[in-house]
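We use all heavy atoms of the structure for the numbers below, so side chains are in, but hydrogens, waters and symmetry mates are not.
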Amino acid sequence: QVQLVESGGGLVQAGGSLRLSCAFSVRAFSMYTMAWFRQAPGKEREFVAAISWRNSATFYADSVKGRFTISRDNAKNTQYLQMNSLKPEDTADYYCAANYQGFLESDLRKYGYWGQGTQVTVSS
């Protein structure tokens with residue numbers, strides 16, 4: 001069964017760091033564009049970052065550019081989101097998503113596989 005499992009969420013003070021991981025139980029992980037989205041209470045799910053299957057090119061939302069870094073390890077079927085200089089407005093549930101041979105997309109409708117989410121809370 002294909003599954004994405006996020007981990008690494010938690011409570012951190014403003015200015016701190018967290019690293020999220022997402023393990024994807026699929027044979028051809030290297031053929032998937034991977035992404036992170038987040039959803040704060042009462043808000044719509046929004047794009048955070050994506051990394052291409054083809055050349056590991058990356059794409060970030062303006063709100064996290066320069067603070068967050070997305071990466072992947074194809075040998076481990078895992079992608080990561082390193083989050084630095086966290087702000088209270090980064091508080092949300094963070095979701096891992098995958099799109100087979102997809103472009104770098106911010107549209108969540110392009111992603112066919114989703115994890116269950118991991119909670120990140122940033123205190124002021």
Side-chain angles (χ1 to χ4, degrees):
Q1 183 178 356
V2 173
Q3 219 175 358
L4 290 96
V5 179
E6 303 96 336
S7 61
L11 173 64
V12 64
Q13 286 191 328
S17 298
L18 279 175
R19 188 174 86 150
L20 305 183
S21 299
C22 170
F24 189 18
S25 61
V26 69
R27 248 185 171 174
F29 174 82
S30 63
M31 304 294 282
Y32 287 80
T33 286
M34 302 299 295
W36 291 95
F37 288 78
R38 67 186 181 187
Q39 187 166 17
K43 295 190 176 182
E44 292 187 350
R45 193 168 297 189
E46 65 174 8
F47 171 77
V48 175
I51 185 164
S52 172
W53 70 276
R54 187 185 294 275
N55 56 7
S56 293
T58 57
F59 174 41
Y60 295 93
D62 288 344
S63 58
V64 306
K65 207 173 291 183
R67 299 188 299 122
F68 290 11
T69 302
I70 189 171
S71 61
R72 63 190 299 157
D73 185 337
N74 289 340
K76 295 183 178 179
N77 278 30
T78 301
Q79 72 152 344
Y80 305 97
L81 185 68
Q82 178 66 43
M83 305 186 294
N84 298 330
S85 303
L86 282 161
K87 305 175 181 180
E89 51 264 44
D90 294 318
T91 295
D93 291 327
Y94 282 71
Y95 296 88
C96 175
N99 181 14
Y100 182 72
Q101 292 189 320
F103 295 107
L104 287 172
E105 304 269 8
S106 60
D107 184 349
L108 58 84
R109 295 170 296 181
K110 300 293 186 182
Y111 293 86
Y113 300 93
W114 290 86
Q116 293 300 304
T118 185
Q119 190 172 52
V120 171
T121 303
V122 184
S123 64
S124 57

Tell me whether Ser25 contacts the main-chain N or O of Gln1 through its side chain, where contact means a donor paired with an acceptor under 3.5 Å. yes
Report the C-alpha separation of Lys65 and Asp62 in whole Å, then their side-chain angles, then the decisive distance to 0.1 Å, and conclude whether the salt bridge (Lys or Arg N to Asp or Glu O under 4.0 Å) test is met. CA-CA 5 Å; Lys65 207 173 291 183; Asp62 288 344; 3.1 Å; yes
Surrounding OH of Tyr113 (heavy atoms of other residues, nucleotides or ligands, distance under 6.0 Å), is the total greater than 12? no
Please report the interatomic distance CG(Leu20) to CZ(Phe68), rounded to the nearest 0.5 Å. 8.0 Å
Solution key, residues 116-124 side-chain donor-acceptor pairs under 3.5 Å, sequence neighbours excluded:
from   : atom 1 : to   : atom 2 : distance (Å)
Thr118 : OG1    : Gly9 : N      : 3.2

side-chain contact (heavy atoms from CB on, under 4.5 Å) against Ser30, all qualifying residues, sequence neighbours excluded: Asn74
What pair of heavy atoms forms the shortest contact from Phe37 to Trp114, and how long is it? CD1-CH2, 3.5 Å
Answer whether the closest heavy-atom distance between the side chains of Asn99 and Met34 falls below 4.5 Å. no
One pair to check against side-chain contact (heavy atoms from CB on, under 4.5 Å): Arg27 and Val2. What are the steps and the verdict? CA-CA 9 Å; Arg27 248 185 171 174; Val2 173; over 6 Å; no
Looking at side-chain heavy atoms only, is the closest gap between Leu81 and Gln79 below 4.5 Å? no
Asp107 bridged to Lys110 by N-O distance under 4.0 Å: no
Can you tell whether the side chains of Asp93 and Arg45 come within less than 4.0 Å, N to carboxylate O? no
Do any N or O atoms from the side chain of Asn77 and from the backbone of Val26 form a donor-acceptor pair under 3.5 angstrom? yes
Counting C-beta onward and ignoring hydrogens, is there a side-chain heavy-atom pair between Leu108 and Phe47 closer than 4.5 Å? no
Sub-4.5 Å side-chain heavy-atom contact between Thr33 and Tyr111: yes
Once ring pair (Phe, Tyr, Trp, His ring centres under 6.0 Å) is applied, what residue pairs with a partner in residues 69-109 remain, sequence neighbours excluded? Tyr32-Tyr100
If we only count heavy atoms from C-beta on, is the Arg54 to Gln101 side-chain gap below 4.5 Å? no
Do the side chains of Met83 and Arg19 get nearer than 4.5 Å, heavy atoms only? no
Indicate the atoms forming the closest heavy-atom contact of Gly102 with Trp53, along with that distance. O-CD1, 3.4 Å
Student check: side-chain heavy atoms of Glu6 and Ser21 closer than 4.5 Å: no
Of the non-hydrogen atoms in Gln82 and Asn84, which two are nearest, and what is the gap between them? NE2-OD1, 2.9 Å
Expected output: side-chain Arg72 to main-chain Phe29 donor-acceptor under 3.5 Å: yes
Please check: side-chain N/O of Tyr60 versus main-chain N/O of Ile70, any donor-acceptor pairing under 3.5 Å? yes
Keeping the roles fixed (side chain from Thr91, backbone from Glu89), state whether a donor-acceptor pair exists under 3.5 Å. no
